[in-house]
> 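The structure's right below; bear with me while I get my questions together.
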Amino acid sequence: MPVTDKNIEANYKTRINRVFEYIDQNLESNLSLQSVSEIAFFSPFHFHRIFKFVTGETLNEYITRKRIEKSASDLLHKNITATKIAHNYGFSDNSSFSRAFKKYFKVSPTEFKKQNPNRFSKIRQLKSKNGQDYPNSEKYICIIDNLKNWIEMNARIEIKEVPKMNVAYVSCIGSQNLENAFGKLMQWATPKGLMNDQTKMMTIYHDSFKFTDANKVRMSASILLNKPEEIDGEVGLTTIETGKFIVGSFIIGVDEFEKSWTGLFVWMNDQGYKKADREPFEIYYNNFNEHPEKKAIVDFYIPIQKKTIK
């Protein structure tokens with residue numbers, strides 16, 4: 001096959017995907033430009049330019065953001081000290097962690113936790129984006145109660161031991177690029193006979209919309225594989241390991257996905273489960289454009305750890 005600009009671009013993105021996975025798994029380590037560039041098989045100088053082109057951020061900016069967003073999640077969802085969080089995410093001490101956190105969220109870690117008692121919604125500052133005050137505690141309880149009622153009426157929720165899944169994927173950064181990623185994946189899968197009525201399309205979420213701007217969230221447009229397949233271009237292979245998941249089954253409009261995810265996490269908390277340190281994902285069972293009411297038939301998967309003893 002002749003080498004083209006598209007071949008080169010796809011090869012570069014495949015290497016960058018390896019870097020994303022390495023960073024996610026080693027946030028506590030010294031992720032220097034030299035060490036990370038070796039994962040991608042680039043010189044540090046060349047890698048620096050390519051990474052900035054793909055992500056819109058320098059390597060250091062990307063790593064710092066990931067560490068801060070993960071630490072913010074831990075502040076709200078885990079019973080853990082700021083000192084321990086600083087250590088877990090590669091900060092030299094508590095003060096350097098606090099400075100980096102305040103630079104990103106404009107408040108200290110302590111103040112951030114006080115300002116965000118709503119652990120299920122997107123994180124907030126003192127005012128919402130439209131300048132209005134966020135709901136007070138009484139209104140928040142009402143919102144959560146309404147959400148619980150909606151979930152009870154619209155979801156079938158089960159706890160399942162999910163077997164190992166092998167998937168092919170095309171990653172993208174930014175929700176606005178997910179449709180294009182699915183297009184590339186289908187272009188690869190169709191000639192292989194992988195697109196049929198039994199095909200299971202998936203989206204794997206590597207970041208949370210709660211903490212990460214939508215245009216920076218990393219996602220993988222994916223397809224479940226029944227047998228090994230050779231990959232090429234931007235397409236990669238990964239594995240979702242066997243484990244226990246909360247599975248919420250929905251028939252919803254495309255504007256109800258955020259509500260469904262939020263409600264499922266509320267249900268998880270109420271039932272005493274905790275999310276495991278693995279990625280949530282969606283599996284689709286139809287093309288919503290072909291549904292008479294433009295509804296998506298979809299399962300949401302939240303990986304969970306041992307149940308909390310109350």
Side-chain angles (χ1 to χ4, degrees), residues 1-22 24 40 50 54-55 160 162-207 214-215 217-243 245 247-254 257 260-261 278-292 294-303:
M1 182 178 66
V3 177
T4 66
D5 288 344
K6 285 188 176 180
N7 296 146
I8 294 172
E9 180 184 358
N11 177 264
Y12 280 15
K13 288 185 176 180
T14 298
R15 297 195 204 181
I16 296 298
N17 282 338
R18 287 201 299 266
V19 168
F20 289 144
E21 292 174 5
Y22 180 78
D24 285 347
I50 292 168
V54 171
T55 65
K160 290 185 178 180
V162 176
K164 178 179 177 180
M165 297 181 183
N166 294 310
V167 301
Y169 69 90
V170 173
S171 282
C172 67
I173 293 179
S175 55
Q176 71 278 8
N177 295 314
L178 185 61
E179 184 177 353
N180 184 49
F182 270 114
K184 292 178 179 178
L185 182 65
M186 293 171 69
Q187 189 175 25
W188 167 83
T190 299
K192 295 178 177 291
L194 298 176
M195 301 304 299
N196 54 60
D197 291 342
Q198 304 303 313
T199 300
K200 290 184 178 179
M201 307 292 288
M202 310 166 59
T203 299
I204 302 172
Y205 293 94
H206 306 284
D207 295 308
N215 63 351
V217 169
R218 186 166 69 90
M219 298 170 284
S220 290
S222 309
I223 184 173
L224 185 62
L225 299 176
N226 294 321
K227 60 183 180 64
E229 297 286 346
E230 290 188 8
I231 58 170
D232 54 66
E234 292 183 46
V235 180
L237 293 177
T238 191
T239 300
I240 297 173
E241 296 296 340
T242 184
F245 287 79
V247 182
S249 300
F250 295 85
I251 302 176
I252 51 176
V254 293
F257 272 63
S260 301
W261 272 116
R278 303 193 306 277
E279 284 120 346
F281 58 91
E282 301 164 349
I283 294 182
Y284 313 110
Y285 296 94
N286 76 322
N287 180 343
F288 75 90
N289 284 314
E290 298 174 355
H291 191 279
K294 301 295 183 183
K295 298 283 189 178
I297 303 172
V298 56
D299 286 348
F300 293 177
Y301 287 71
I302 301 176

> How far does CG of Asp207 sit from CZ of Phe20, to the nearest 0.5 angstrom?
9.5 Å
> Please output the side-chain donor-acceptor pairs of residues 217-228 that fall under 3.5 Å, not counting sequence neighbours, one pair per line with the distance.
residue, atom, partner, partner atom, Å
Arg218, NH2, Asp24, OD2, 2.8
Ser220, OG, Ser171, OG, 2.7
Ser220, OG, His206, NE2, 2.7
Ser222, OG, Ser220, O, 3.1
Lys227, NZ, Glu229, OE2, 2.7

> Measure the spacing between OH of Tyr205 and CD of Glu279 and express it to the nearest 0.5 Å.
12.5 Å
> Would you compute the distance between atom CD1 of Ile16 and atom CD of Glu21 and round it to the nearest 0.5 angstrom?
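Spacing of CD1 (Ile16) from CD (Glu21) equals 12.0 Å.
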> May I ask you to test the Thr242-Val162 pair for a side-chain heavy-atom distance under 4.5 Å?
no
> Before you tell me yes or no, could you show the steps for Trp188 and Glu234 under side-chain hydrogen bond (donor to acceptor under 3.5 Å, both in side chains), namely the whole-Å CA-CA distance, both residues' side-chain angles and the distance that decides it to 0.1 Å?
CA-CA 9 Å; Trp188 167 83; Glu234 292 183 46; over 6 Å; no
> If you define the side chain from C-beta out and look only at heavy atoms, does anything of Thr55 sit under 4.5 Å from Ile173?
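A side-chain contact exists here, since the closest heavy-atom pair is under 4.5 Å.
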> Would Ile240 and Lys164 count as a side chain to side chain contact (heavy atoms under 4.5 Å, CB included) if you check the C-alpha gap in whole Å, the side-chain angles of each, and the deciding distance to 0.1 Å?
CA-CA 6 Å; Ile240 297 173; Lys164 178 179 177 180; over 6 Å; no
> Are Phe300 and Phe257 packed together at the side-chain level, in the sense that at least one heavy-atom pair is separated by less than 4.5 angstrom?
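Contact flag for Phe300/Phe257 side chains = yes.
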> Please report the interatomic distance CG(Leu237) to OG1(Thr239), rounded to the nearest 0.5 Å.
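If I round to the nearest 0.5 Å, the distance is 8.0 Å.
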> Under 4.5 Å between any side-chain heavy atoms of Met201 and Tyr285, yes or no?
no
> Does a sphere of radius 6.0 Å around CE in Met165 hold more than 12 heavy atoms from other residues, nucleotides or ligands, not counting ones at 6.0 Å or beyond?
yes
> How long is the span from the CG atom in Asn180 to the SG atom in Cys172, to the nearest 0.5 Å?
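If we round to the nearest 0.5 Å, Asn180:CG and Cys172:SG are 8.0 Å apart.
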> Do other residues, nucleotides or ligands put more than 12 heavy atoms under 6.0 Å from Gln176 CD?
yes
> Would you give the length of the straight line joining atom CE of Met202 to atom CD1 of Ile204, rounded to the nearest 0.5 angstrom?
5.0 Å
> Apply side chain to side chain contact (heavy atoms under 4.5 Å, CB included) to residues Ile297 and Ile252 and explain how you reach the verdict.
CA-CA 7 Å; Ile297 303 172; Ile252 51 176; over 6 Å; no
> Return the minimal non-hydrogen interatomic distance between Lys295 and Asn286, and the atom names on each side.
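Reported closest heavy-atom pair: O-ND2, 3.0 Å.
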> Looking at residues at least two apart in the chain, or sitting in another chain, which of them share a ring pair (Phe, Tyr, Trp, His ring centres under 6.0 Å) with Phe281?
Phe245, Tyr301
> Hey, are the side chains of Thr203 and Phe182 touching, using non-hydrogen atoms and a 4.5 Å cut-off?
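Yes, their side chains come closer than 4.5 Å.
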> Decide if atom CD of Glu241 counts as having more than 12 heavy atoms of other residues, nucleotides or ligands within a radius under 6.0 Å.
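Yes - once you tally the heavy atoms of other residues, nucleotides and ligands closer than 6.0 Å, there are more than 12.
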> Are the side chain of Thr199 and the backbone N or O of Leu194 linked by a donor-acceptor pair below 3.5 Å?
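Yes; judged by distance alone, with no hydrogens or angles, the pair exists.
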> Please give me the minimum heavy-atom distance between Pro280 and Trp261, naming the atom from each residue.
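Shortest heavy-atom contact: CB-CH2, 3.9 Å.
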> Any side-chain heavy atom of Phe250 sitting closer than 4.5 Å to one from Asp299?
no
